[in-house]
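The shown structure was predicted, so the numbers you read here are calculated from the model rather than taken from an experiment.
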Amino acid sequence: MASASAVVSPLVAACISASGDRDGTGSFPGASSSTSSSKKWRKRDLTSFHDGGSLGALTVSSLCGSGVHGLNPSSLALVRSDCFQGWSFPGFLVGSDDGGGFVGLSSCYFGGRRRKMHPASRSGTAVAMQPTQGITEKKQTTKQRRVVVTGMGVVTPLGHDPDVFYNNLLDGNSGISEIEAFDCAQFPTRIAGEIKSFSPEGWVSPKLSKRMDKFMLYMLTAGKKALADGGITDEANELLDIARCGILIGSAMGGMKLFNDAIEAARISYKKISPFCVPFSPTNMGSAILAMDLGWRGPNYSISTACATSNFCIMNAANHISRDEADMMLCGGSDATILPIAMGGFAVRGSLSRRNDNPTKASRPWDVMRDGFVIGEGAGVLLLEELEHAKKRGAEIYSEFLGGSSTCYAYDLNKPHPAGSAAIHCIEKALSRSGVSREDVNFVNAHAMSTPAGDLNEYQALMHCFGDNKELKVNSTKSMVGHLLGASGGIAAVAVIQAIRTGWIHPNINLENPDKGLDTSILVGSKKERLDVKVAMSNSFGFGGHNSSLLFAPYK
């Protein structure tokens, strides 16, 4: 063990100085602050791993939720992290649905109970362990703070105000039309949920407007509208504790137009590439620019999980508040992909509807004649707030966020597993974590995007979980606006909250011939319906098998 001690000491020292500690003292939970770092860990608390032969058996503490800095990633094997329910890769942690860290080489998170790591190969290549069976979720040790919705902002094909947007949904108006942004005569699909009229004037500075990709313009506009809707004026913003105000607005595709334009410019010369291509293309930059504009210094990052992006962002933003890491969070998603490269990419996969002769009839979830989804664009942003913080400033509370969860199909790039087990698990886990019974959920805004397999798979999962509830009603906002990719969950959340506020749920348009075996009494018909929403669920499922379910309820 002589060779191990030489490495353990600097490693532990690095751990003790890490910024990821839970108690803010520079020590890990349970460690005495008066004890020197080299004595804070007992041998039985250490987890061993092999560094590929150069160091022999190395003992390393199992640091649940703690930051570890300065590690050589080549010496780390894969390890299961109970704390975050994710995989720790060499130098990185893939974050979890319950707010785990999203970090790089300088701050790696390891977690959970003591585990023996699989020895790496002699070449130093990391070898994955088999997931441990029967893992139980970590019990909460502190009281969870309640999270409420106090503001909403949208940019959609059916309007850029939450009330205008929802009234159009209630009236059954479709935002699907022929594409005008570019000449698509040679494309098999020439329709989309395209925003025909939009101006960021008054929300985004003219200088930035000229340089930004539309996904960022939509994001900043919807974000600021959510603030205004929540009563956060410039004067009110000055009174906030900006260190406890954060932004978590994601995008599935990011700045595709900026990047595509840069590629075209590079064909001539690299000097023709816009200097704003790199900084304004990544998915995180919208949140960053918005934070700079507002001066907010709380949690700020972006999650990108394809079509489930908004839900992941909302869920993690709520976690920051419930864990007392923030008081207010802007969260949601934005995408603008009605471009030749995106339309062509989806078209060659055969994913898009080709009902070009009748655009408003193209998006038809659960209808037997559906032939693919319709791309939409826009943004949906919520202002989440800690309940007492909202009450103290006299904010109007639209609804309460009860919780959510996520799972992964781990089956196919874009096909759900036929059994639907991951979707069922996601829904059941959301209920369990939120303390909500199946009988309480009487409204679901489904992901249903008008694809043959996806619509039925989700319906079957819903019936498995809620089939005995005679009050249940299910609709899909995508029947009228198309699929806004990373923004879809954001505008769906707004539609759910509006249903809670108004007592009206919007119709499923184009559901003229439902698939066999579907209970049409559960699926909302062609007209809006009255419903006293008890608990509402909003589902978003993304390419790659990402499943997410959120729960909202009237504030009481």
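Annotation for Lys210: atom NZ does not count as buried by contact number, only 12 or fewer foreign heavy atoms lying within 6.0 Å. Atom CD of Glu264 has more than 12 neighbouring heavy atoms from other residues, nucleotides or ligands inside a 6.0 Å radius. Atom CZ of Phe198 is surrounded by more than 12 heavy atoms from other residues, nucleotides or ligands within 6.0 Å.
Between Trp203 and Leu217, the closest side-chain pair of non-hydrogen atoms is not below 4.5 Å. Counting heavy atoms from C-beta outward, Phe259 and Ile341 have side chains that stay 4.5 Å or more apart. Taking the side chain as every heavy atom from C-beta outward, Pro340 and Phe187 approach each other to under 4.5 Å. Using a 4.5 Å heavy-atom threshold, the side chains of Phe215 and Leu485 count as separate. At least one side-chain heavy atom of Leu387 sits under 4.5 Å from a side-chain heavy atom of Tyr555. Between Glu385 and Arg393, the closest side-chain pair of non-hydrogen atoms falls below 4.5 Å. The side-chain heavy atoms of Asn167 and Leu170, taken from C-beta on, include a pair separated by under 4.5 Å. Counting only heavy atoms from C-beta outward, the side chains of Leu294 and Cys245 never approach each other to under 4.5 Å.
The pair Arg501-Glu396 meets the salt-bridge criterion, with a side-chain N (NZ, NE, NH1 or NH2) lying under 4.0 Å from an Asp/Glu carboxylate O. By the 4.0 Å N-to-carboxylate-O rule, Asp455 lies too far from Arg364 to be salt-bridged with it.
Distance alone, capped at 3.5 Å, places no donor-acceptor pair between the Glu458 side chain and the Ala446 backbone. Ser450 places no side-chain N or O within donor-acceptor distance of the main-chain N or O of Ser363, the cut-off being under 3.5 Å. In this structure a side-chain-to-backbone donor-acceptor pair under 3.5 Å is missing from Asn475 to Val524.
The two residues Ala553 and Val535 have their closest heavy-atom pair at CB-CG2, 4.3 Å. Met329 approaches Ile247 most closely through the heavy-atom pair CE-N, 3.8 Å. Contact between Val147 and Ile321 at its shortest, heavy atoms only, is CG2-CG2, 3.8 Å. Taking every heavy atom of both residues into account, Gly486 and Asp335 meet most closely at N-OD2, 2.8 Å. When all heavy atoms of Ser197 and His160 are compared, the pair lying nearest together is O-NE2, 2.7 Å. Across every non-hydrogen atom of Ser549 and Asn539, the tightest pair is OG-OD1, 2.8 Å.
Just one residue in the list Gln144, Arg145, Glu386, Arg146 forms a side-chain hydrogen bond (donor to acceptor under 3.5 Å, both in side chains) with Ser322, and that residue is Gln144.
Here the straight-line distance linking atom CG of Leu352 with atom CD1 of Ile191 works out to 8.5 Å at 0.5 Å rounding.
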Note to self: Using the rule given for side chain to side chain contact (heavy atoms under 4.5 Å, CB included), can you reason through Met216 versus Phe280, listing the C-alpha separation, both sets of side-chain angles and the distance that settles it, and then say yes or no?
What the structure shows: CA-CA 8 Å; Met216 289 181 65; Phe280 282 179; 4.0 Å; yes
| request: Evaluate the criterion side chain to side chain contact (heavy atoms under 4.5 Å, CB included) for residue pair Asp234 and Glu238; output intermediate values, then yes/no. | output: CA-CA 6 Å; Asp234 290 342; Glu238 293 293 327; 5.9 Å; no
Next item on the list: Could you go through the side chain to side chain contact (heavy atoms under 4.5 Å, CB included) check for Tyr166 and Val494 one step at a time?
Entry: CA-CA 8 Å; Tyr166 198 62; Val494 170; over 6 Å; no
Salt bridge (charged side-chain N to carboxylate O under 4.0 Å, His left out) between Asp261 and Lys257, worked out: CA-CA 6 Å; Asp261 289 349; Lys257 186 177 187 305; 2.9 Å; yes
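Thr407 and Asn547 form a side-chain donor-acceptor contact under 3.5 Å, judged by distance and modelled atom types alone.
Checked against the 6.0 Å centroid threshold, Tyr301 and His320 count as a close aromatic pair.
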